[in-house]
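Before any comments, here is the structure.
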Amino acid sequence: MENEFAKHEKDYIKIYESKGYTSGFHFKEGKLYGNDSSQSYTPEQLQIVAEHRYEGMSNPSDMSILYVIETDSGVKGTMLVGFGPTADLELSEFFNAIPDSQISEKANINHDETSKDA
């Protein structure tokens, strides 16, 4: 598997970038914005196609989630978000508001080709 050595967020981000998930996002005033545009997105306009959770090696309370995102306008990218005790509550609520029907693992790089369509 091509990602067997992907141990850190940076490794996963590079792999997803090679698969076309090249945009970055930031959160402001209750919406997600594309870093390269002024386009804003609400939870209903996003699909989470994979997510990866991490714990800090030296401090297990350093936790993060890498969200792999597709927007309703076709933008594909990633966003790294802290979670746990240091999480931004408003940002966490934003991601929790994404409808369950719009969350999948269809682009998860840890799945083999045969399980992607499941």
Side-chain angles (χ1 to χ4, degrees):
M1 181 181 295
E2 73 180 277
N3 65 326
E4 76 180 80
F5 298 109
K7 305 264 190 241
H8 305 286
E9 297 96 323
K10 293 185 298 184
D11 299 325
Y12 275 90
I13 291 169
K14 285 179 186 176
I15 293 168
Y16 281 109
E17 285 176 345
S18 75
K19 296 185 177 296
Y21 293 88
T22 57
S23 294
F25 300 92
H26 64 276
F27 184 72
K28 182 174 135 186
E29 298 172 352
K31 293 186 179 181
L32 210 61
Y33 287 83
N35 288 346
D36 297 331
S37 74
S38 59
Q39 178 68 42
S40 67
Y41 303 98
T42 64
E44 296 77 23
Q45 295 174 291
L46 302 176
Q47 285 256 326
I48 301 299
V49 296
E51 65 180 57
H52 302 279
R53 296 178 186 260
Y54 302 92
E55 282 186 8
M57 285 205 251
S58 61
N59 184 353
S61 68
D62 291 340
M63 297 182 282
S64 62
I65 302 174
L66 176 63
Y67 288 105
V68 183
I69 300 167
E70 293 181 13
T71 71
D72 63 353
S73 62
V75 176
K76 294 167 51 172
T78 58
M79 184 170 186
L80 189 61
V81 176
F83 82 100
T86 61
D88 176 328
L89 184 58
E90 189 178 3
L91 181 56
S92 295
E93 289 174 356
F94 177 89
F95 277 98
N96 286 335
I98 296 173
D100 288 344
S101 62
Q102 293 170 212
I103 299 173
S104 72
E105 286 291 310
K106 73 177 187 177
N108 190 322
I109 58 176
N110 292 326
H111 293 206
D112 63 25
E113 294 299 318
T114 58
S115 67
K116 281 187 180 178
D117 298 324

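Given the structure is predicted, the values throughout are model-derived calculations rather than measurements. These values consider heavy atoms only, across backbone and side chains, with no hydrogens, waters or symmetry-generated copies.
- With rounding to the nearest 0.5 Å, the separation of CD in Glu105 from NE2 in His52 is 6.5 Å.
- We find that Glu51 and Arg53 are joined by a salt bridge, their nearest charged nitrogen and carboxylate oxygen being less than 4.0 Å apart.
- Expressed to the nearest 0.5 Å, how far CD of Gln39 lies from OH of Tyr33 amounts to 9.5 Å.
- Minimum interatomic distance between Ala50 and Ala107 (heavy atoms only, all atoms of both residues): CB-C, 4.1 Å.
- In this structure, Thr78 has no side chain to side chain donor-acceptor pair (under 3.5 Å) partners at least two apart in sequence or on a different chain.
- Atom CE in Met79 sits 10.0 Å away from atom CD1 in Ile48 (nearest 0.5 Å).
- Scanning both residues, Glu17 and Thr22, for their nearest heavy atoms gives O-CG2, 3.6 Å.
- Separating the OG1 atom in Thr71 from the CD atom in Gln45 is a distance of 8.0 Å, to the nearest 0.5 Å.
- Side-chain atoms of Tyr67 and Leu46, non-hydrogen and from C-beta on, never get closer than 4.5 Å to each other.
- Inter-residue side-chain proximity for Tyr41 and Ile69 is flagged as unmet; no heavy-atom pair is nearer than 4.5 Å.
- Atom NZ of Lys76 is surrounded by more than 12 heavy atoms from other residues, nucleotides or ligands within 6.0 Å.
- Residue Tyr54 comes nearest to Leu66 through the heavy atom pair CE1-CB, 3.9 Å, listed as atom of the first residue, atom of the second, then distance.
- To the nearest 0.5 angstrom, Thr42 atom OG1 is 6.5 Å from Phe94 atom CZ.
- Around atom CG of Asn35, more than 12 heavy atoms belonging to other residues, nucleotides or ligands sit under 6.0 Å away.
- Residue Tyr12 holds its OH atom at 15.0 Å from OH of Tyr21, rounded to the nearest 0.5 Å.
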